[in-house]
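These notes concern the structure reproduced below.
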Amino acid sequence: MLRVRFAPSPTGYLHIGSARTFIFNWLYARREGGTMVLRIDDTDVERNTEASMQSIFDGLRWLGLAWDEQYAQSDRIALHQQMAWKIFEKGLAYRDFTPMQSTEEERDPAAGPWLGDPAMRALSPAESQRRADAGEPFVLRYRVPRNQNRWVNFKDLVYRKQAKKADDIEDFALLRSNGLPTYHMASCADDLDLRISHIIRGQDHLSNTFKHVLIFEALSDAMPEFAHLPLLIAPDGAKLSKRKHGPVVSVTTYRDAGFVPQAYVNFLCLLGWNPKNNQEFMTVEAIMEKFTFEGINRSNATVNFSDEDPIDPKAAWLNSQHLRTMPVALLAPMVRVAMEGAGISAQGDEAQFQQTVDIIRSRYSVLGDFPAKGRAYFLDDFDTTPEAAEKLNVDGAREGLRALGERLAQDEDFSEAHIEAELRAVADAMGIKAGVLINGSRAALTGQTVGPSAFAVFTAVGRDRVLRRLAAV
RNA sequence: GUCCCCAUCGUCUAGCCCGGCCUAGGACACCGCCCUUUCACGGCGAUAACGCGGGUUCGAAUCCCGCUGGGGACGCCA
């Protein structure tokens with residue numbers, strides 16, 4: 001049974017790299033018919049915040065990719081502790097009574113790697129037990145094999161064979177002096193207990209994985225598969241971080257910029273993965289069908305943003321592609337939300353609304369364009385740009401448009417073909433160029449000189465409004 | 001410092017593991033042209049990359065070694 005998990009820690013907003021990890025997990029689970037687990041890694045009580053939790057759920061829900069099971073690590077601490085002591089009982093862990101270091105006297109990494117305190121490793125079981133019984137605080141550390149020429153191995157689905165000498169792995173902590181599990185302990189215990197079959201996560205965990213392999217081996221015969229993803233980095237070359245790069249790394253930046261979720265998913269998937277067929281613009285379903293670990297790269301990918309523009313240009317392009325081609329029925333509700341956000345509630349029935357959206361979206365690239373540029377298609381109070389006013393001031397324009405309005409009013413036929421025929425007839429009769437009325441009608445009906453083909457504008461605006469606006473020109 | 005990972009156009013990438021089909025392909029962005037009685041879309045074209053040095057080989061972007069560069073881990077954070 002294939003089971004994957006996404007395990008964010010609620011210590012900040014959902015960031016772009018985490019979102020991508022979530023998506024890859026989801027893709028793999030869905031493609032293989034597996035189960036997607038969402039596990040909140042909230043063992044660091046000091047740093048957890050409710051706001052962060054909210055932000056993660058908001059972001060995840062916005063992506064629109066559902067998970068099947070949900071857990072919080074804080075509910076499972078007893079299990080983590082139990083597993084930690086099981087390791088201890090096997091003789092694979094020891095108590096370290098060294099007092100906690102203050103931040104002042106932090107160890108200098110330049111002094112060489114810290115592997116553990118030999119004196120603490122050497123403590124006899126009886127002595128260790130005596131000091132613990134006396135209430136002396138300790139951290140429980142994994143007893144990594146020393147001087148045995150022992151290698152820790154695992155195979156990564158992306159990075160292939162990985163090996164590290166046990167002598168290069170430090171005695172990492174399992175339980176802190178307050179008794180709570182560390183990340184490594186909690187994560188592995190849960191992965192085991194939740195029967196996670198594939199651990200898909202960022203490459204920043206690649207070197208931690210050797211420790212995890214040690215924990216898994218100590219506790220079980222089952223070893224999950226690993227797949228590490230290349231990191232997302234900023235244009236300055238550093239790993240994306242909220243502290244350094246600000247809110248651009250948050251998924252809400254893209255949501256608020258008017259992205260449709262499937263475009264954002266499409267964009268993120270292309271950072272570090274590709275379908276090997278030169279295809280880039282893809283629906284989520286198409287990506288899912290194509291998704292394999294062979295398609296994942298090993299080198300880090302740069303998210304292309306700048307101070308002036310927080311949006312990667314390729315993401316913007318993908319968004320416009322999705323916006324223009326996705327089923328209107330899917331897009332319409334998003335447009336409604338965007339417009340309500342701008343204080344516009346579109347009147348009219350759903351069919352007319354969708355028809356209008358369908359016509360005008362061909363020139364738009366973000367959801368915000370609908371309220372910002374499309375006001376005239378939904379409301380009667382709209383501004384006329386100076387350029388549009390000029391088009392209307394052309395000789396014969398107003399007269400022609402009024403005449404056109406009168407002719408259209410006498411006929412129920414409001415098809416583009418009919419409108420075009422009528423418009424050309426009016427132009428002929430008045431001895432003016434059709435272009436005057438074509439450009440003039442766009443200006444009169446939308447207050448703008450840019451937009452869909454003039455005849456499509458008539459149908460997008462709707463018969464009643466067209467007749468009113470032409471009469472009032 | 002130690003260990004791990006990575007290295008193709010400005011950016012995302014194909015090709016690399018299994019050398020020749022690579023005068024290195026695609027996409028975004030930028031520039032030009034075409035289409036279009038608007039603006040976009042679209043079409044066509046241009047500019048643009050195998051980090052460096054050694055090997056191996058008839059032949060290397062592809063294999064090996066070294067260097068350089070970048071990233072990550074090294075916490076009683078996750």
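What you are looking at is a predicted structure, and each value in this text was computed from that prediction instead of being measured. Quick note on labels: first sequence line is chain A, next is B, and so on, each numbered from 1.
Residue-level contact check: T98(A) touches the bases, meaning some heavy atom is under 4.0 Å from a base atom. Across all strands shown, T43(A) has heavy atoms under 4.0 Å from sugar-phosphate atoms exclusively, and none from any base. Residue G237(A) is classed as a sugar-phosphate contact, given heavy-atom separations below 4.0 Å to backbone atoms only. Contacts of T182(A) with the nucleic acid, taken as non-hydrogen atoms under 4.0 Å apart, involve only primed sugar atoms and P, OP1 or OP2. The residue R141(A) sits close only to the backbone: its heavy atoms come under 4.0 Å of sugar-phosphate atoms, none of a base. Among the protein residues, H205(A) comes within range of the nucleic acid bases, having at least one heavy atom under 4.0 Å from a base atom.
Taking the centre and axis of the six-membered ring of F97(A), the NZ or CZ atom of R131(A) falls inside the cone set by 45° and 6.0 Å.
Among rC17(B), rA78(B), rU38(B), the nucleotide with an atom closest to any side-chain atom of R160(A) is rC17(B). The listed nucleotides are rC39(B), rG72(B), rC6(B); the one nearest the side chain of K239(A) is rG72(B). Here the nucleotide nearest the side chain of Q321(A), chosen from rG42(B), rG72(B), rU38(B), is rG42(B). Looking at the side chain of E170(A), the nearest of the listed nucleotides rC74(B), rA73(B), rC5(B) is rC74(B).
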Completion exercise
Quick tally for nucleotides 30-37 of chain B: nucleotides whose base has a protein heavy atom under 4.0 Å get B, sugar-phosphate-only ones S, the rest -, giving -------B

Problem - Per-nucleotide protein contact string for nucleotides 9-15 of chain B, where B marks a base within reach and S marks sugar-phosphate only (heavy atoms under 4.0 Å, - for neither) - result: --SBSSS

Provide a list of protein-nucleic acid N or O atom pairs under 3.5 angstrom, restricted to nucleotides 45-52 of chain B.
none

